[in-house]
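Labels below follow one simple rule: chain letters A, B, ... track the order of the sequence lines, proteins then strands, and each chain is numbered from 1. Please read these numbers as outputs of a predicted model, since none were measured by experiment.
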Protein chains: 2
Amino acid sequence: MRKNNKGITIYDIAEKLKVSPTTVSRALNDHHSISKETTLSVKKLAKKMGYRPNSVASNLRKNKTNTIGVIVPLINRPFIAALISGIEDTASQSDYNVIISQTYDSYKKEVATAHTLYSSRVDGLIVSLAMETRQYDHFHAFLENKIPLISVDRIAPELETDCVAIDNHSAGFKATEHLIEMGCRRIAHLGGAQHRNTYRGRQQGYLDALKKHNLPIDERLVVHSKLSMEEGRESTKYLLGLPNPPDGIFSANDSAAVSAIQYAKLKGWHIPQDLAVIGFNNDPISSIIEPQLTTISHPAHDMGKIAAQQILRHQEYGHIVQSQNTVLKTEVIVRDSTQRKITTSSIHRNSA
Amino acid sequence: MRKNNKGITIYDIAEKLKVSPTTVSRALNDHHSISKETTLSVKKLAKKMGYRPNSVASNLRKNKTNTIGVIVPLINRPFIAALISGIEDTASQSDYNVIISQTYDSYKKEVATAHTLYSSRVDGLIVSLAMETRQYDHFHAFLENKIPLISVDRIAPELETDCVAIDNHSAGFKATEHLIEMGCRRIAHLGGAQHRNTYRGRQQGYLDALKKHNLPIDERLVVHSKLSMEEGRESTKYLLGLPNPPDGIFSANDSAAVSAIQYAKLKGWHIPQDLAVIGFNNDPISSIIEPQLTTISHPAHDMGKIAAQQILRHQEYGHIVQSQNTVLKTEVIVRDSTQRKITTSSIHRNSA
DNA sequence: TAAAATTACGCAATCGGTTGCGTTGCAATA
DNA sequence: TATTGCAACGCAACCGATTGCGTAATTTTA
């Protein structure tokens, strides 16, 4: 007895079986107060009729959507794709859906997206902030209504949420120290916008490593950009054109590092003899470039899994769950772009 | 007068303003039958109270979710990420959400996912089939209920939906012919599973190109695998170890092509003089490898946009919309891995 | 000035499940 | 035999917004 062109509802099943919709609902959910025979016959008929529960209705009544919202700058980056993959992985194991939105690093889009996802009544939100974002009011609704909100990778202290991130300072420090161990004495840094924790941390680590090893800090060797391939090329052109060019480059991402290598090679520089280069993220391109790029591992997939788990835990245990900040480990993945001499250091060797 | 710990509803606004929830709802939606003053005061109070519409409730009543479901094998691939990016792009412009699920190429996961997305009452579904999938019953609910269903890239004739894809045969043909033009006479093919249209089409194009140019077909030169880096390496090892090894390789993806180059170089082969290699997809790694990889452009982003547009069109014009299959153009992107001689052919030159 | 039209709004049903509370029938217990 | 307990199910409210229809007040038209 289907209505117009709609799907089958529990009412249709109830009618045929001469029971109430309540019973059907309970039978489908294995409620204990329904007899085995009834449960069986309901399920059987449901299957036969091709019944598919309407989770919109269920969500409304239960005030729960089994959905995790995700806001990221741009999907189409190896690091972000891995992050999402991790989230989706964990979520789907617990029958959660994942809604994804991109901000394209625009504050305005981030605001609109946050509102939309709140309206969708997601059960939790995972955010990696847009580059532009400096205000955080658009997340207030989540905080006020105790909807778990987790910042990943790009985080902000102003936004009082649980965080999952890496220790960018330590990573930047290790990267720079690795170059120093490889014999570099004049190290440049390709950095990103300093109001985002990630790039700021990496640069600070770079500076502190220089200080620790009593190397002079030359501001001309620090170049900020969006770290695209194009900008990496331009920055490198500038650096190598200096009267006193660097003998090592620490780039805050792999794209810029790779284009640095490409440009330097084009101009006749030998990598790593004349110029050692270390990147960040361990993107696929890092192991394709020649020489293969030494870089910093970035546990994006794990980050996604942990963030999702944290939300699921909130769902399960309510607000008993303590606020929790996770800092993930990174490693220097040593490849040929920095191997200027045999090293006895204990740094993990990897040539994937 | 908020309930327990819930959010603000139109009832809360109605109460304060001494009007009916109906009026509030209409005011918020700029219904013509509500006076300007009332509309204004409603909106003002709504903003002040931090009201956020509950789209779950709205969705239920309107029987529309403004959501597009997406099923893909794996997010974490350049091609897929670009596809999703295109979908999300178009969707968000029309205030549609996107729910993404991965199948990991498993049939079982695809079935579960399709059911879940149907239960979520997505307004349309975009699917790129899992490698394993050979049955399509799990999509019946969509077809029966006239929910727009679009297959992209990996499509199947058994599944009667609109499609957005490339002409794999033509692309495979062009790729192979390019190698022939470059002087190759003994061309190998790294192919994928032949029950998926993409790989079958590419291989058929390869075979037909050989036929057209009266080159013998040697089955030993056709190697099937999942085209991972590892398998690409192994396949190449096998090919180069043949008594009569190939002088050109057409790989059905870039990963395998890149690892073929890497292995061949390692063994002292000169690319492209001894061995020309052409890939497929134009992944980022293809322009990083040395020599840069000639490949086939794959309009994944456009594919996503077109698929999403097709769904939006269905939403707008109902079922008047004609079924429509889109076949997108591909191009040979000529780079150094196949440039064995100066060519006067009209093939588009690109060295991004 | 009476009738018709328009403006501005409310009532109550509706979307499809879920759930607290109540009811019925029958077996177990006192 | 009267009471209690439990198994199995139904009633009706509910989640929050939307919408067809009705109505009162005001304005326009005849």
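- Whole-Å rounding puts the A:Leu28 CG to C:dT19 P distance at 13 Å.
- For A:Thr9, whose side chain is taken as the heavy atoms from C-beta onward, the closest listed nucleotide among D:dG20, C:dG16, D:dA17 is C:dG16.
- Residue A:Ile75 holds its CD1 atom at 11.0 Å from CZ of A:Arg77, rounded to the nearest 0.5 Å.
- Salt-bridge check for B:Asp105 with B:Arg196: failed, with every basic side-chain N at 4.0 Å or more from each acidic carboxylate O.
- Between A:Ser58 and C:dT18 there is a side-chain N or O to OP1 or OP2 distance below 4.0 Å.
- Rounded to whole angstrom, the span from the CG atom of A:Asn54 across to the P atom of D:dG16 amounts to 17 Å.
- Among the nucleotides C:dG16, C:dC9, C:dG10, the one closest to the side chain of B:Ser33 is C:dC9.
- Spacing between atom OH of B:Tyr51 and atom P of D:dG16 amounts to 10 Å, rounded to whole angstrom units.
- Proximity of B:Ser35 to the phosphate of C:dC9: a side-chain N or O atom is located under 4.0 Å from OP1 or OP2.
- Between B:Asp123 and B:Gln315 the shortest heavy-atom distance is O-NE2, 2.9 Å.
- Crowding of A:Lys64 atom NZ: a count of heavy atoms from other residues, nucleotides or ligands under 6.0 Å exceeding 12.
- Using a 4.0 Å heavy-atom criterion, one finds that B:Val19 contacts the sugar-phosphate atoms exclusively.
- Mapping B:Ala57 and A:His32 onto DNA chain D by nearest heavy atom places A:His32 at the nucleotide closer to the 5' end.
- Residue B:Thr39 is the one, among B:Thr39 and A:Val56, whose nearest nucleotide of DNA chain C lies closer to the 5' end (criterion: closest heavy atom).
- Listed candidates were C:dC9, C:dG10, C:dT18. Nearest to the side chain of A:Ser25 is C:dT18.
- Between D:dG10, C:dT18, C:dA13, one nucleotide has an atom nearer to the side chain of A:Lys62 than all others, and that is C:dT18.
- Contact annotation for A:Thr22: base contact, defined as any heavy-atom pair under 4.0 Å involving a base atom.
- For B:Lys64 and C:dT14, the NZ to C1' distance is 19 Å, given to the nearest whole Å.
- Contact annotation for A:Asn59: no contact, since no heavy-atom pair falls under 4.0 Å across all strands.
- Regarding A:Lys18, its NZ atom lies at a distance of 16 Å from the P atom of D:dC9, rounded to whole Å.
- With values rounded to the nearest 0.5 angstrom, B:Thr9 atom OG1 is found 9.5 Å from B:Asn54 atom CG.
- Set against C:dT19, D:dG20, C:dC9, the side chain of B:Arg26 has D:dG20 as its closest nucleotide.
- A:Thr38 comes within 4.0 angstrom of sugar-phosphate atoms only, judged by non-hydrogen atoms across all strands, and of no base.
- The B:Ile10 side chain lies nearest to D:dA17 when the options are D:dA17, C:dC11, C:dG17.
- Rounded to an integer number of Å, the gap from CG of B:Leu60 to P of D:dG16 is 12 Å.
- Each of A:Ile155, A:Ile166, A:Asp153, A:Leu129 was evaluated against A:Thr198; a single residue qualifies, A:Asp153, per the side chain to side chain contact (heavy atoms under 4.5 Å, CB included) test.
- A straight line from CD1 of A:Ile13 to P of D:dC9 spans 15 Å, rounded to a whole angstrom.
- The distance from atom OH of B:Tyr11 to atom P of D:dT18 is 10 Å, rounded to the nearest whole Å.
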